[in-house]
Amino acid sequence: MIRRLALRSITPAALALAAAAALTVTTAPAAHAVGESSKCTINFRNFPGTVGKSGWNYRTGPSTHYTSRGLLYRGDKLTVLCSRNTWVYTRLSRRSASGLPKGMRGWVRQDGLQELAG
């Protein structure tokens, strides 16, 4: 069964509840196993998502104070690994429209995602 959620009005708490319904969710500190995700408060297991806005920064950490690794564009596919407040830590499922390599990990604000499927 595939579930699709529009993220335009979903709060971090609602995102966590939706993920809990479809996935196994654990809390930190297990996130340390994937490096930068040690900043996470909620972990997910391979939760697919799609970028819904073009020109969205893919950052090294969960804030605009962190460096951008490049840009994501509408339709880019990600795997959500964990989250912290309104930010999600992800891995690119395939090469991005801007040329970022498949497998690159980074942070994006959740309102930059169009949908999650689980």
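Position 1 is the first residue of the sequence; numbering continues from there. The figures that follow rest on heavy atoms only: side chains count, while hydrogens, waters and symmetry mates do not.
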Exam field: side chain D76 to backbone A97, donor-acceptor pair closer than 3.5 Å
yes
Side-chain (R74) to main-chain (G52) donor-acceptor, under 3.5 angstrom:
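Checked: pair present.
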Please evaluate residues R109 and W56 with respect to the criterion side-chain contact (heavy atoms from CB on, under 4.5 Å), reporting the C-alpha separation (whole Å), side-chain torsions for both, the decisive distance (0.1 Å), and the verdict.
CA-CA 9 Å; R109 276 193 2 225; W56 214 241; 3.7 Å; yes
Option from [options] for which side chain to side chain contact (heavy atoms under 4.5 Å, CB included) with [X] holds:
{"X": "N57", "options": "L71, T67, V108, L72", "value": "L71"}
{"X": "M104", "options": "T90, L92, L78", "value": "L92"}
{"X": "W107", "options": "S63, C40, S68, S83", "value": "C40"}

Distance only, no hydrogens: is a donor on one side chain within 3.5 Å (strictly under) of an acceptor on the other, for S98 and Y58?
no
Side-chain donor-acceptor pair under 3.5 Å between T79 and S93, yes or no?
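T79 vs S93: donor-acceptor pair found between side chains.
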What's the shortest heavy-atom distance between [X] and [Y], and which atoms?
{"X": "K39", "Y": "T60", "answer": "NZ-O, 4.4 Å"}
{"X": "T64", "Y": "R59", "answer": "O-NH1, 3.5 Å"}
{"X": "Q110", "Y": "N85", "answer": "OE1-O, 4.2 Å"}
{"X": "C82", "Y": "N43", "answer": "CB-OD1, 3.4 Å"}
{"X": "K77", "Y": "T50", "answer": "NZ-OG1, 3.0 Å"}

Flag yes if Y66 and L113 sit in one hydrophobic cluster, no otherwise; membership is Ile, Leu, Val, Met, Phe, Trp, Tyr, and two members link when side-chain heavy atoms are under 4.5 Å apart.
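Result: no, two separate clusters.
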